[in-house]
Amino acid sequence: MRRIASEPRRDWQRRVEEVGLVYHTQGTTPYWDESAHYRLTSDEVEVLERATNELHALCLAAVQHVIDADRFAELHIPELGAALVRQSWEAEPPALYGRFDLSFDGVRPPKMLEYNADTPTSLLEAAVVQWYWLQDVAPKKDQFNSIHERLIAAWTDLAPHLGGPLLHVAAMDDWEDAITAAYVRDTAEQAGVRTRQLPVADIGWNASRGRFVDAEEVAIDAAFKLYPWEWMLHEEFGAQLLASSATTRWIEPAWKMVLSNKGILPILWELNPGHPNLLAARFGDPGEMRDYARKPLLSREGANVTLVTANRPPETGPDGGYGEEGFVYQELAPLPNLGGRRPVIGSWVIQGESAGIGIRESDSALTTNTSRFVPHLFE
Amino acid sequence: VKKSVAVPLTLVATFASAIACGSSPETRQCVDGENRVVPDSLCARAEQAHPGSTGASTSVARGGGIGGAVFSLPYRYYYGGARGGLGSVVTGGGYTPHAGRGGIFSGRRSGTARGGFGGIGGGRGIGG
């Protein structure tokens, strides 16, 4: 895997905006960065694909273990959450996607950093924007990316299981989230599923009907939500989730909260010690680890994550108010350092199968919401 | 990887155009009387109590102050401007939604309870 400097398209801002990436620049810093690209070999792509499928299988087994061994308390998942996980695991409601974050240098096996299984972002960039970049700059090359096609295929499969003809899509009032939600709608509608978008705060609860409803009082049979389960559980409507689980199907389903929880990392290691795609991890304390990442169980976007190395001062991500729920300690997998840039592979899983990658890079060893998305190709 | 050359994105294009035209339909944050970002649920509840008052100031009593004194702060939606974290002060927008926003997010309110989701999310990112 190499990082190749390249000349940005002369009108790159317009080109990415045309396909929806209106949030391509954060302040004065490009979030979409095509002044370079990553070049992989087909063998490396196969390694990533195999590792992703393997890790997803391990994760499903880990969810089963958490349920069977009743380990919810270690994950700081309350009884309501545990009940929802059990219910959704049995009922098998629709599940669409997730994104592993992997450390990979093209030489050693990919290592799982975490699994964003509930509300992964950077979907449009990975599925669409980098594909159009490839068509413009190297149309004869290939890209590890069938995300768009697989999303459409997934909705085709899931359509009969949505409980009705209308899919609601709920997101926060935020450019990036709303565009991502719109993209998910596009893929669903191309599969013949009718959709309607609404802000999360506009979801209503009609007690007399015992139903979640939208702003027009239309019952929500199925909702794709860009809103984390652990937040839903602790909010006012959380109390209605279990009783309404037979009539409102949330996508992603509740069992994904087990996988998006950093507590899955020590459990995976405990179940599969020494697995080449896993890093040693443990609850409570770092044990004998010298170099490690301390991650809050529920952290997102690198918030409140601390990297501890023997020879340098600790490095901590932005404060997002996480940590009261407890921490896990994960062996540090140094990200490749390619000219001062540290790439993380975002490896997408659609309906349980590896579907492509997006690469975000940082100037530090921490990947946060200020990391840059850099396109890739393979040959 | 086999892939179709064209990836048609009708809805993404609609949202992107709205944003590019400055109507910024997606940026809506709940703020207090000093334009500090607060959880969205406070605005949603205020709207529920006063249907159709989008953009209007609504007072919600909050406990606080020395000796348990009670003061009131207005909560209302702030449209446009940069998205900030809880407690940050937003600028560059206003209290009235731009044209076009209503077509995407509008809906009449009824007796249905609203605002029961979305409160924690205000000012926090959902990404991984």
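A, B, ... follow the sequence lines: proteins, then strands. Residue 1 opens every chain. On a predicted model such as this, the values are computed, not experimentally measured, just so you know.
Once rounded to the nearest 0.5 Å, the distance linking CZ of A/Arg185 with OG1 of B/Thr10 reads 10.5 Å. The distance from atom OG1 of B/Thr112 to atom CG of A/Asp202, rounded to the nearest 0.5 Å, is 11.5 Å.
Using a 30° and 60° split on the angle between ring planes, A/Tyr227 and B/Phe117 fall in the tilted class, from 30° to 60°.
Residue A/Gln240 does not touch chain B at all, counting heavy-atom pairs closer than 4.5 Å. Only the side chain of A/Phe212 has a heavy atom closer than 4.5 Å to any heavy atom of chain B. The contact between A/Glu189 and chain B is made entirely by side chain atoms (from C-beta outward), counting heavy-atom distances below 4.5 Å. In this structure, the portion of A/Leu124 lying under 4.5 Å from any heavy atom of chain B is its side chain and not its backbone. Proximity to chain B is absent for every atom of A/Leu233, based on heavy atoms less than 4.5 angstrom apart. With a 4.5 Å cut-off on non-hydrogen atoms, A/Ser208 does not touch chain B at all.
Side-chain N or O atoms of A/Asp186 include one that pairs as donor or acceptor with a backbone N or O of B/Leu11 at under 3.5 Å.
Taking the side chain as every heavy atom from C-beta outward, A/Val213 and B/Arg114 approach each other to under 4.5 Å. Residues B/Val12 and A/Val128 are not in side-chain contact: their nearest non-hydrogen atoms beyond the backbone lie 4.5 Å or more apart.
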